[in-house]
Amino acid sequence: MAVEVRLPTLLRTHTDGAGSLQVNGATVGEVFAEVVEAHPGLKGQLVDDAGSLHKFVNVYLNDDDIRYLDGLDTKVGENDVISILPAVAGGS
Amino acid sequence: MPTTFALPLVRLSVEQYRRIVAHCYFGLPDEACGLLAGPVLGAEATGLITEVYPAVNADASSRTYTVDGRDYLRASRDAEARGDEIIGVWHSHTHTDAYPSPTDVRQAVDPMWLYVIVSLRDEVPVFRAFRIRDAQVAECQVELIGASSSL
Ligand SMILES: [Zn+2]
């Protein structure tokens with residue numbers, strides 16, 4: 001099943017500039033594994049060494065933060081859109 | 001120190017400038033934040049701001065900010081629908097200079113982004129724009145479109 005993965009500008013250096021990828025997988029984790037397989041520069045950017053979602057990355061399945069769904073085990077279906085966004089923060 | 005990266009001229013309308021500053025005052029006593037959209041050429045923002053998106057500061061703090069993730073998602077969809085990208089973020093400093101703090105530098109997301117900081121410390125707001133790359137800060141000139149003078 002193909003889903004669309006949308007990447008922020010920050011990560012497009014690893015995808016030859018592509019901001020949108022069509023990827024197969026049954027869960028967000030499977031989709032990410034596929035993405036990293038095709039674009040090895042993204043290794044460590046989405047999922048940390050312990051296999052958890054990277055803490056500086058927010059991932060949305062359509063409109064929902066996957067941290068409030070089943071995380072990387074969240075099931076995905078045809079025509080779903082996974083959006084990856086970096087955490088944007090700072091201070092004074 | 002001379003910088004080794006290109007600095008775009010940041011251009012925005014008076015109306016966009018006012019929306020940013022108004023959102024900063026509205027957020028008091030907390031820091032306020034939002035996102036900037038504009039065209040990207042090659043892998044660089046041109047500096048033109050086409051839209052500004054006020055966002056919720058998820059930290060609700062006078063010392064730190066985190067752009068609410070849903071606001072970021074909505075902003076990035078809107079920007080992409082226009083053929084633009086999110087090319088930067090703005091936030092307020094309620095009691096300090098309009099200059100990136102060590103926290104801002106450490107947490108800078110994207111070397112391509114513009115970082116606008118609005119200081120509300122003095123009676124008149126101070127609006128400045130920066131690039132942050134490899135922990136180096138460089139200031140960008142800001143031009144208000146439709147205004148008689150630049151900032
Ligand atoms: Zn700051």
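In what follows, every chain begins at residue 1, and chains take the letters A, B, ... in the order their sequences are listed.
- Interatomic distance, OH of Tyr99(B) versus OH of Tyr115(B), reported as 14.0 Å (0.5 Å rounding).
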Listing, residues 37-46 of chain A side-chain donor-acceptor contacts under 3.5 Å, not counting sequence neighbours, or none:
none

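- Chain B is approached within less than 4.5 Å, heavy atom to heavy atom, by no residue from residues 15-29 of chain A.
- Comment: Lys75(A) does not engage Asp70(A) in a salt bridge, judged by the lack of any side-chain N to carboxylate O separation of less than 4.0 angstrom.
- For the atom pair CG of Asn57(B) and NE2 of His91(B), the computed distance is 9.5 Å after rounding to the nearest 0.5 Å.
- Looking at Val89(B), only its side chain comes within 4.5 Å of chain A, counting heavy atoms on both sides.
- With a 4.5 Å cut-off on non-hydrogen atoms, Arg77(B) touches chain A through its side chain but not through its backbone.
- Residue Ser62(B) touches chain A through its backbone alone, counting heavy-atom pairs closer than 4.5 Å.
- Here the closest non-hydrogen pair linking Pro125(B) and Val21(B) is CG-CG1, 3.8 Å.
- Salt bridge annotation for Arg74(B)-Asp78(B): absent, with no cationic side-chain nitrogen under 4.0 angstrom from a carboxylate oxygen.
- Proximity to chain B among residues 84-92 of chain A is limited to Leu85(A), Pro86(A), Ala87(A), Val88(A), Ala89(A), Gly90(A), Gly91(A), Ser92(A), judged by heavy-atom separations below 4.5 angstrom.
- Within 6.0 Å of CZ in Phe56(A) there are 12 or fewer heavy atoms belonging to other residues, nucleotides or ligands.
- Here the closest non-hydrogen pair linking Arg19(B) and Val52(B) is NH2-O, 3.1 Å.
- Neither the backbone nor the side chain of Ile87(B) has a heavy atom closer than 4.5 Å to any heavy atom of chain A.
- Remark: Glu85(B) CD to Met112(B) CE distance equals 6.5 Å, nearest 0.5 Å.
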Problem - Worked verdict on Ile145(B) versus Ile49(B) for side chain to side chain contact (heavy atoms under 4.5 Å, CB included) - result: CA-CA 10 Å; Ile145(B) 301 166; Ile49(B) 306 297; over 6 Å; no
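- Contact annotation: the side chain of Asp59(B) never approaches that of Asp30(B) to less than 4.5 Å [non-hydrogen atoms, C-beta and beyond].
- Interface residues of residues 57-69 of chain A toward chain B, defined by a heavy-atom distance below 4.5 Å and sorted by number: Tyr60(A), Asn62(A), Asp63(A), Asp64(A).
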